[in-house]
Amino acid sequence: MTILVTGGAGFIGSNFIIDWLAERDEPVINLDQLTYAGNLENLAELRGDPRYAFVRGDIGDRAAIADLLERHAPRAVIHFAAESHVDRSIHGPGDFIQTNVVGTFHLLECARARFSAMDAAGEAAFRFLHVSTDEVYGSLESGAPAFSEVHRYQPNSPYSASKASSDHLVRAYGHTYGLPVLTTHCSNNYGPYQFPEKLIPLMIVNALTGKFLPIYGDGRQIRDWLYVSDHCAAIRRVLDAGRPGETYNIGGWNELPNLDIVRAVVGLLDELHPRADGRSYGEQIVHVADRPGHDRRYAIDAGKIERELGWRPAETFATGIRKTVRWYLDHPDWLANVQSGAYRDWLEKNYTDRNR
Ligand code: NAD
Ligand code: TYD
């Protein structure tokens, strides 16, 4: 038995593969195009592991995917590959439509063709697990109940709209063709190997390199933060026991405003890696122009996955953020390597006009 993971060189995908092989012996094929967000260094510890194979490729390349499915006959596809950064989707939505919508469509077509050629036992075992986001539900008013699985879709950014579109395709392939699909909607993840364009690693890198810590708008936007290994455990649980056709919300019961997140990072850096001048990294915080269309609040009601599948997060925010800051401090080479010329171009594009 084998599973196929798409986007396994990115942040969550690489954590998923590492955790999977630490827990189980079932081999993993990692299909990844290696965009700016994909980094094989994340999987360096698996070099030489016979249970792991990497294939460079685009989920939209039908011939290559069909060949891969034919040769390896995976009993499940865990679909992480996506363009994943809201700010990039605002600057250039095209890649988001191409990978998240069109790419997912091609992947589904390949899975459908493969599924229709299976015998009854193969069909019964097969799963297509689509990793989606809470952002498809849009923004919550303060005090409104958290997102449940029946919350209406109201995506607000090109990123969330592209993920919502892919969710609809996945649902339709389950409903129309009987493909055994599962969809998960997770809140904001943090932890090792997250590319420093997202809030938490960006703040760590900027703090350590003496740059400003840019808070969009008033910094009171709320996200529900989940340590990445908890997300990986939830996906394994859904794959093992989720009912085909169902969707599961995954969250940390951990709603926090952005300013509190940044203050937590600053506090840990002050403790674990004090500034040479003895002052606080908090002095580097600046408020900058807000993100256009910025969603005010996300919150996940993770009651269904807890009731039906018995999953709950193992980490609190306090334990997870300490591990995360420690990890970045312990991996300066990884951090230096991802800050390429392309990374600096992104900082220029997103932040130069924003600084007030
Ligand atoms: P990421 O940007 O770190 O990684 C994405 C990976 O997909 C990269 O390795 C990239 O090379 C690969 N990829 C991109 N386009 C591809 C293509 N056309 N073909 C093959 N590979 C391609 O993303 P992430 O943060 O790890 O997110 C993974 C998934 O989880 C995404 O689907 C995202 O929507 C979802 N998600 C993320 C979060 C979060 O907080 N990061 C929360 C909920 C859901
Ligand atoms: P991000 O990590 O981009 O995730 P998402 O937009 O998918 O929630 O951003 C998390 C929150 O942090 C979001 O409200 C935007 C905010 N943010 C900043 O205030 N400054 C920044 O430089 C970045 C990247 C994000």
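FYI, the numbering just counts along the sequence from 1. Note that this is a predicted model, so its numbers are computed, not measured. We count ligands from 1, going down the list as the structure has it; atoms in each ligand are counted the same way.
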Engineer: Indicate yes or no: does an N/O atom of His79 lie under 3.5 Å from an N/O atom of ligand 1?
Structural biologist: no

Engineer: Taking atom types as modelled and ignoring hydrogens, do the side chains of Thr183 and His130 form a donor-acceptor contact shorter than 3.5 angstrom?
Structural biologist: no

Engineer: Please identify which atoms of ligand 1 are closer than 4.0 Å to at least one heavy atom of Tyr159.
Structural biologist: 33 (C), 34 (O)

Engineer: For atom 37 (C) of ligand 1, what is the closest protein heavy atom, and at what distance to 0.1 Å?
Structural biologist: Ile12 CD1, 3.4 Å

Engineer: Tell me which protein heavy atom sits closest to atom 23 (O) of ligand 1, plus the residue, atom name and distance to 0.1 Å.
Structural biologist: Ser84 OG, 3.2 Å

Engineer: Would you check the N or O atoms of Ala81, main chain and side chain alike, for any that come under 3.5 Å of an N or O of ligand 1?
Structural biologist: no

Engineer: With heavy atoms under 4.0 Å as the rule, classify the contact between Asn188 and ligand 2 as side chain, backbone, both or neither.
Structural biologist: side chain

Engineer: At what distance is the nearest protein heavy atom to atom 43 (C) of ligand 1, and which residue and atom is it?
Structural biologist: Cys186 O, 3.3 Å

Engineer: When you look for heavy atoms under 4.0 Å from ligand 2, do you find them on the side chain of Leu202, its backbone, both, or neither?
Structural biologist: side chain

Engineer: Would one find an N or O of Asp32, backbone or side chain, under 3.5 Å from an N or O of ligand 1?
Structural biologist: yes

Engineer: For ligand 1, note which part of Gln98 has a heavy atom under 4.0 Å away: side chain, backbone, both or neither.
Structural biologist: neither

Engineer: Heavy atom under 4.0 Å from ligand 2: found in Val86's side chain, backbone, both, or neither?
Structural biologist: side chain

Engineer: Can a salt bridge be assigned to the pair Arg171 and Glu246 using a cut-off of 4.0 Å between side-chain N and carboxylate O?
Structural biologist: no

Engineer: Only one of Val28, Ile3, Leu69 clears side chain to side chain contact (heavy atoms under 4.5 Å, CB included) with Pro74; which?
Structural biologist: Leu69

Engineer: Which residue and non-hydrogen atom of the protein lie closest to atom 12 (O) of ligand 2, and at what distance in Å?
Structural biologist: Asn258 ND2, 3.3 Å

Engineer: Pull out every atom of ligand 1 sitting under 4.0 Å from any heavy atom of Asp58, numbered as shown with elements.
Structural biologist: 17 (C), 18 (N), 19 (N)

Engineer: Among all protein non-hydrogen atoms, which one is nearest to atom 5 (C) of ligand 1, and what is the separation to 0.1 Å?
Structural biologist: Ala82 O, 3.4 Å

Engineer: Classify the contact between Thr6 and ligand 1 as side chain, backbone, both or neither, using a heavy-atom distance cut-off of under 4.0 Å.
Structural biologist: neither

Engineer: Below 3.5 angstrom, do we get any N/O pair linking Thr133 and ligand 1?
Structural biologist: no

Engineer: Can you find a non-hydrogen atom of Asn188 under 4.0 Å from ligand 1?
Structural biologist: yes

Engineer: Can you tell me if Ser14 contacts ligand 1 (heavy atom of the residue under 4.0 Å from the ligand)?
Structural biologist: no

Engineer: Consider only side-chain N and O atoms of Tyr36 and Glu197, and report whether a donor and an acceptor are under 3.5 Å apart.
Structural biologist: yes

Engineer: Looking only at protein heavy atoms, which one is nearest to atom 3 (O) of ligand 1, and what is the separation?
Structural biologist: Phe11 N, 3.0 Å

Engineer: Can you name the one residue among Asn258, Asp290, Asp87 that meets side chain to side chain donor-acceptor pair (under 3.5 Å) with Tyr216?
Structural biologist: Asp87

Engineer: Applying a 4.0 Å heavy-atom criterion (strictly less than), which segment of His294 is in contact with ligand 2: side chain, backbone, both, or neither?
Structural biologist: side chain

Engineer: Mind telling me whether Trp327 and His331 have parallel, tilted or perpendicular rings, with 30° and 60° as the class edges?
Structural biologist: parallel

Engineer: Residue-level breakdown please: for Tyr159 versus ligand 2, do any non-hydrogen atoms fall below 4.0 Å on the side chain, on the backbone, on both, or on neither?
Structural biologist: neither

Engineer: At under 4.0 Å between heavy atoms, is it the side chain or the backbone of Thr35 that contacts ligand 1, or both, or neither?
Structural biologist: both

Engineer: Quick one: nearest non-hydrogen protein atom to atom 17 (C) of ligand 1, plus distance?
Structural biologist: Gln33 OE1, 3.1 Å

Engineer: Could you say whether the N/O atoms of Glu197 and ligand 1 ever approach to under 3.5 Å?
Structural biologist: no

Engineer: Determine whether any heavy atom of Phe80 lies closer than 4.0 Å to an atom of ligand 1.
Structural biologist: yes

Engineer: Are any of the heavy atoms in Ser187 under 4.0 Å away from ligand 1?
Structural biologist: yes

